[in-house]
Amino acid sequence: SRCERGGAWIVEGDPAQATYFSPGRSGFPADDAIEPLASVPLTGRKGRRPGAPRIAVLDLGSTSFHLLVAEWTADGTMQRIDRERVMLRMGAELARSGHIRKALLERSIEAVHELCDAAREWKAEQLVAVGTSALRDAKNGSTVVAALEEAIGGPIHLLSGEEEARIIFRAIRSRIDLGGRTHIGLDLGGGSLEVVVGNDHEILYEKTLPLGVARLHGLIDPADPHREKDLRKLRHILREALTPVAEEIRRFDAVGCVAVGGTARSVARVIARGKNNVGGSSLRGLRISRRELDTLSRDLGACTMEERLRRPGVSPRRADLLPFGSEILNTALTLFGARGLTLCDWGLREGILLELRPAGD
C-alpha cells in the first residue's frame, strides 16, 4: 500500500484495522482519528473545472437533516457551494417514545431524496452521509438506518459520540485561533450535547451527554409560556448530568469556551440583534458573556411563543427551542466556570470535509 512522504499508517486492534493518514492530515495525533468515511458516487465532472472533487456531506441530525456541498480551492480553502436543511425533530420524538414512528421515517426518507437531488443538481461527485444521536439511540435505529441507506443508495457512517466530538473540535481549531491554549468545545444538537476539551495539538477529554435541546424539550413538554416547574425540572436534569463532567473538566484549566451548532448560532443571533449588532452572516468569533446568556434565558422562558417571534433575530424554526437552548448553554458555562463563549460557524459538516481534504491542501 502507498505511503507518501510525511504520511503514516496506524494499525491497531484485534482483529487489526489500518487507517492511512495523508501528509495533509499528519499534524493530528493518532488518538484524534475516526474510522475512514465511505462515500456514494453521484455525478461526473462534466461542465466543471479540473481540481479537487466537489463533495456533499449529508448530516442526519436529531433536529434536522442538513446538506453541505463544498469543494477545496486551489489555494487550500473550503468553498461552500450550497446548504440545505429539512427540520424533522427526531430528538423530540425519541424523548417521548424511544422509537422513530413510521410517519416520521417516511418524512425522513422524503427529506433524504430531496437533499440527494440537491447534491446532484450542484454537481457533487461524491456524498458522505453521517448519522448522530437520534439514529444512535432510537430503539428501532437499525431499521431506520437501513431504510435511509436504501434512499441514499449507500452507507451511513453512524458516528459514535467520541467521533462526533473529535470531528467538531477539529473544525473549531481550524476556524478559531485558540492561541495554543486549552479550550472547551460545546456542540448543542437536537439529541445530544458534545463536550470536548483540547488545544491546537491534541484532544484531552470528550464526553457525549443525552442533553440535546429537542430531546429535553420533548421530554419535559413545557407550557407556553414556560412554567417555573418546567424550568426547575430542566435545570435539575442539567445539573445532575453536567456536575460530574464539570469536576473532570476543571482540572484542565481551560481558558475559554467555543460553541458550535444551530442552537448556539440562534441564541447568538438573538443576543447580537438585541444589541443592534451583527447579522446572521457575521457571527464567527462573536463573544457572548455568561451574564448575557443568563438574561436571555430568563427572558425567553417568560415569553409566549408569539412574544418570542417578535424579538429581533428569532427564527420561527427554532423559536420553541430557544429557551431550553439558552438554558442548557448557560448552565454548562456556569458549572464549567467559563465566563462566556465564542461562536464558531463551522461544525460537524465542515469537520467531515476536513477529514476528506485532499493530500497536500
Side-chain angles (χ1 to χ4, degrees), residues 59-68 83-96 104 107-108 111 115 132-134 168 186-194 210-226 230-231 234 238 259-275 277-284 286 288 292-333 341 343-349:
D59 172 11
L60 309 175
S62 301
T63 300
S64 54
F65 285 6
H66 291 259
L67 176 75
L68 172 62
R83 287 185 291 183
E84 308 275 350
R85 171 174 56 187
V86 180
M87 297 289 283
L88 292 166
R89 301 288 182 92
M90 278 189 175
E93 182 155 308
L94 287 180
R96 290 188 288 265
L104 180 54
R107 292 203 304 273
S108 302
L115 295 173
T132 56
S133 175
I168 289 164
L186 297 178
D187 177 27
L188 177 56
S192 62
L193 172 68
E194 270 68 50
L211 301 177
V213 63
R215 183 193 295 259
L216 293 180
H217 193 273
L219 177 67
I220 295 175
D221 192 19
D224 181 36
H226 294 351
D230 296 330
L231 297 174
L234 173 62
L238 293 173
V260 306
T263 298
R265 287 193 297 272
S266 296
V267 169
R269 189 173 293 113
V270 175
I271 292 174
R273 294 284 179 86
K275 297 189 295 186
N277 202 339
V278 295
S281 61
S282 306
L283 294 175
R284 173 188 172 190
L286 180 68
I288 299 172
E292 288 173 321
L293 261 178
D294 184 61
T295 300
L296 180 67
S297 177
R298 294 176 187 277
D299 289 350
L300 291 177
C303 289
T304 64
M305 175 68 80
E306 184 179 351
E307 292 168 336
R308 246 174 267 145
L309 288 170
R310 290 201 295 264
R311 292 189 65 142
V314 172
S315 166
R317 287 177 293 199
R318 292 185 184 269
D320 58 332
L321 300 179
L322 274 178
F324 273 38
S326 56
E327 185 59 46
I328 294 168
L329 292 171
N330 181 45
T331 302
L333 291 185
L341 60 82
L343 197 75
C344 179
D345 59 345
W346 281 13
L348 179 63
R349 293 174 292 283

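All residue numbers in this chain count up from 1 along the given sequence. Everything numeric here is computed off the predicted structure, so don't read it as measured data.
- Scanning all heavy atoms of the two residues, the minimum distance from Gly191 to Ser62 falls at N-CB, 3.1 Å.
- With hydrogens and angles ignored, the 3.5 Å screen pairs a side-chain donor or acceptor of Ser108 with a backbone N or O of Leu104.
- Between atom CD of residue Glu327 and atom CG of residue Leu322 there is a gap of 13.0 Å, rounded to the nearest 0.5 Å.
- Residues His66 and Arg83 fail the side-chain proximity criterion, which asks for heavy atoms closer than 4.5 Å.
- Nearest approach of Leu115 to Leu67, heavy atoms of both residues: O-CD2, 3.3 Å.
- Thr331 OG1 to Leu234 CG: the interatomic distance, rounded to the nearest 0.5 Å, is 6.5 Å.
- Annotation: side chain of Arg96 is not in contact with side chain of Leu219 (no heavy-atom distance under 4.5 Å).
- Side chains of Arg85 and Asp59 form no contact here, defined as non-hydrogen atoms less than 4.5 Å apart.
- Checking side-chain atoms of Asp230 against main-chain N and O of Ala223 turns up a donor-acceptor pair under 3.5 Å.
- Residues passing the ring-ring contact (aromatic ring centres under 6.0 Å, His included) test with His226, sequence neighbours excluded: Phe324.
- Taking the side chain as every heavy atom from C-beta outward, Thr132 and Leu60 never approach each other to under 4.5 Å.
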TODO: Might you work through the side chain to side chain contact (heavy atoms under 4.5 Å, CB included) test for Leu296 and Arg311, ending with a clear yes or no?
DONE: CA-CA 11 Å; Leu296 180 67; Arg311 292 189 65 142; 3.8 Å; yes
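- Side chain of Glu307 to backbone of Thr304: a donor-acceptor contact under 3.5 angstrom is found.
- Residues Ala332 and Leu186 share a closest heavy-atom pair of CB-CD1, 4.3 Å.
- Here the side chain of Thr63 pairs no donor or acceptor atom with the backbone of Arg89 at under 3.5 angstrom.
- Interatomic distance, CG of Leu286 versus CD1 of Ile271, reported as 8.0 Å (0.5 Å rounding).
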Open item on the list: If you apply the rule side chain to side chain contact (heavy atoms under 4.5 Å, CB included), what do you find for Ile328 with Leu216, and how did you get there?
Closed with: CA-CA 10 Å; Ile328 294 168; Leu216 293 180; 3.8 Å; yes
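- Residues that satisfy the ring-ring contact (aromatic ring centres under 6.0 Å, His included) test with Phe65, not counting sequence neighbours, are absent from this structure.
- Within the 3.5 Å criterion, the main-chain N or O of Met305 finds a donor-acceptor partner in the side chain of Asp224.
- Leu293 has its side chain within reach of Val267: a pair of non-hydrogen atoms, C-beta onward, lies under 4.5 Å apart.
- Here the closest non-hydrogen pair linking Ala95 and Gly218 is CB-C, 3.8 Å.
- Arg318 CZ to Ser64 OG: the interatomic distance, rounded to the nearest 0.5 Å, is 5.5 Å.
- For the pair Val260 and Cys344, the tightest heavy-atom approach, listed with the atom from each and the gap, is CG1-CB, 3.7 Å.
- Side-chain N or O atoms of Ser326 include one that pairs as donor or acceptor with a backbone N or O of Pro323 at under 3.5 Å.
- Residues Ser192 and Leu211 have side chains not in contact (no heavy-atom distance under 4.5 Å, counting atoms from C-beta outward).
- When atom types are taken as modelled, the side chain of Arg215 and the backbone of Gly91 share no donor-acceptor pair closer than 3.5 angstrom.
- At least one donor-acceptor pair under 3.5 Å links the side chain of Arg308 to the backbone N or O of Ala319.
- Taking OG of Ser266 as the reference point, atom CG of Leu321 lies at 9.0 Å (rounded to 0.5 Å).
- Side-chain contact check for Ile288 versus Leu343: every heavy-atom pair is 4.5 Å or farther apart.
- Note that the OG atom of Ser315 and the CE atom of Met87 stand 7.5 Å from one another [nearest 0.5 Å].
- The shortest heavy-atom contact between Leu88 and Ala111 is CD1-CB, 4.3 Å.
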